[in-house]
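A short write-up of the structure that comes next.
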Amino acid sequence: MISYIRGRLASVEEQKAIVEAGGIGYGIYMPNQALSMLPQPGNEVKIYTYFSVREDAMQLFGFLTRDDLEIFRLVIGVSGIGPKGGLNILSSMSPDELRFAVMSGDAKAISAAPGIGKKTAEKLIVELKDKVNIEDMLAHAAEGDSTGANADGHGEEGIQAEAVQALVALGYGSTESMKAVKKASPECETVENLLKEALKYLF
């Protein structure tokens, strides 16, 4: 198994990055968002990879973080979704947006990905519902921040999670709720204040 590839970025093509390592040029399929975040060709990159082997093809799929790779693994673990389907989903929405879509049951957002129908999206939600949560997403977003949730769950991450859940319960979309809370969170120390500030970004 190839866990990651570190080397010089040779070029970026449609849905694919070419990375030269050890005298070999690896073609790595990546989500559009990840491709847009790569440096200019000639710079060194490190890409976490999933090696797909089928009777008719061997392909590498790559991601910029281990977390993104793990989300991809969860997605392709759903029956009926292969690596290409997983790549299409993560090209249509970020890993965090996918988490929120799963948690809020937003099959419409997931089925917007090419080749992913409503039934497949609903199946993905059912199978991943217990494997993702808001706290994990916020922890990834705030990685390295020393102001995480305390033992009672009322620290920054806990407050953000509660605020997002409240907004979704009010009928706002999971993705827009997440973005509004992230924008408002630096100035707020309570759920009530965070909700007030977040609502300003939603109007």
Side-chain angles (χ1 to χ4, degrees), residues 1-7 9-20 25-41 43 45-54 56-129 131-134 136-138 140-141 143 164 173-179 182:
M1 179 183 291
I2 303 174
S3 297
Y4 68 84
I5 292 176
R6 185 198 298 273
L9 179 64
S11 63
V12 176
E13 302 176 0
E14 185 175 358
Q15 280 201 318
K16 186 191 295 184
I18 309 300
V19 178
E20 182 180 343
Y26 295 91
I28 308 171
Y29 291 95
M30 301 180 69
N32 294 332
Q33 185 179 33
L35 287 173
S36 69
M37 296 174 67
L38 290 173
Q40 291 295 316
N43 287 289
V45 293
K46 180 178 181 180
I47 299 176
Y48 295 92
T49 57
Y50 175 84
F51 187 35
S52 172
V53 179
R54 301 186 312 178
D56 59 342
M58 290 189 293
Q59 297 171 314
L60 278 171
F61 294 84
F63 304 87
L64 297 180
T65 68
R66 285 195 182 93
D67 177 52
D68 291 355
L69 174 58
E70 287 309 309
I71 287 294
F72 176 75
R73 289 181 181 276
L74 288 176
V75 170
I76 64 175
V78 176
S79 177
I81 302 180
K84 281 288 188 181
L87 187 70
N88 286 340
I89 291 174
L90 292 174
S91 286
S92 299
M93 58 202 319
S94 71
D96 284 345
E97 289 171 340
L98 176 58
R99 285 190 179 94
F100 272 87
V102 169
M103 288 184 287
S104 62
D106 192 352
K108 183 178 180 181
I110 298 172
S111 62
I116 304 298
K118 182 180 179 182
K119 289 185 178 180
T120 300
E122 290 173 344
K123 186 173 185 180
L124 184 148
I125 289 171
V126 170
E127 294 194 20
L128 299 191
K129 195 99 174 182
K131 298 180 180 179
V132 299
N133 58 67
I134 293 175
D136 283 347
M137 186 284 298
L138 292 172
H140 294 139
E143 188 174 0
V164 171
S174 56
T175 300
E176 60 180 348
S177 296
M178 175 188 69
K179 291 180 178 178
K182 281 187 175 181

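Contact of the Glu14 side chain with the Leu35 side chain is not registered, since no non-hydrogen atoms from C-beta on lie closer than 4.5 Å. Between Lys182 and Val164 there is no side-chain heavy-atom pair separated by less than 4.5 Å. Proximity of Pro114 to Ser92: side-chain heavy atoms (C-beta onward) are separated by under 4.5 Å at one or more points. Using a 4.5 Å cut-off on side-chain heavy atoms (C-beta onward), Arg6 and Val45 make no contact. The shortest distance between side-chain heavy atoms of Glu70 and Leu74 does not fall below 4.5 Å. Side-chain atoms of Leu124 and Ile116, non-hydrogen and from C-beta on, never get closer than 4.5 Å to each other.
Within a 6.0 Å sphere centred on CZ of Arg73, other residues, nucleotides and ligands contribute more than 12 heavy atoms. Other residues, nucleotides and ligands place more than 12 heavy atoms under 6.0 Å from the NZ atom of Lys46. Within 6.0 Å of OH on Tyr4 lie no more than 12 heavy atoms contributed by other residues, nucleotides or ligands.
In this structure, the side chain of Thr49 does not engage the main chain of Leu60 through any donor-acceptor pair within 3.5 Å. Between the side chain of Ser91 and the main chain of Leu87, a donor-acceptor pair closer than 3.5 Å is present.
If you take OG on Ser79 and CD1 on Ile81, they are separated by 8.5 Å, rounding to the nearest 0.5 Å. Within the model, atoms CD1 of Ile28 and NZ of Lys16 stand 10.5 Å from one another, a figure rounded to the nearest 0.5 Å. One finds the CG atom of Leu64 at 6.5 Å from the CD1 atom of Ile47 (value rounded to the nearest 0.5 Å). The line from CE of Met30 to OH of Tyr48 is 12.0 Å long, rounded to the nearest 0.5 Å. For the atom pair CD1 (Ile71) and CD1 (Ile76), the distance works out to 12.0 Å, reported to the nearest 0.5 Å. For the atom pair OG of Ser94 and CD1 of Ile89, the computed distance is 13.0 Å after rounding to the nearest 0.5 Å.
Ion pairing between a basic and an acidic side chain is recognised when a charged N comes within 4.0 Å of a carboxylate O; Glu176 and Lys179 show no such pairing. Salt bridge Asp106/Lys108: absent, no basic N to carboxylate O contact under 4.0 Å.
Nearest heavy-atom pair across Leu90 and Pro31 is O-CB, 3.3 Å. The heavy-atom pair separating Glu97 from Met93 by the smallest distance is OE1-CA, 3.3 Å. Here the closest heavy-atom approach between residue Pro41 and residue Ala10 is recorded as CB-O, 3.6 Å. Across all their heavy atoms, Ile110 and Ala101 have their closest contact at CG1-CB, 3.9 Å. Annotation for Gly77 and Glu127: closest pair O-OE1, 4.2 Å, computed over non-hydrogen atoms.
Taking the six-membered ring for Trp and thresholds of 30 and 60 degrees, Phe63 and Phe72 have ring planes inclined between 30 and 60 degrees apart.
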- request: Decide side chain to side chain contact (heavy atoms under 4.5 Å, CB included) for Leu128 and Arg99; before the verdict, give the C-alpha distance in whole Å, the side-chain angles of both, and the deciding distance to 0.1 Å.
  value: CA-CA 9 Å; Leu128 299 191; Arg99 285 190 179 94; over 6 Å; no
- request: Please lay out, stage by stage, how Val102 and Lys131 fare under the test side chain to side chain contact (heavy atoms under 4.5 Å, CB included).
  value: CA-CA 10 Å; Val102 169; Lys131 298 180 180 179; over 6 Å; no
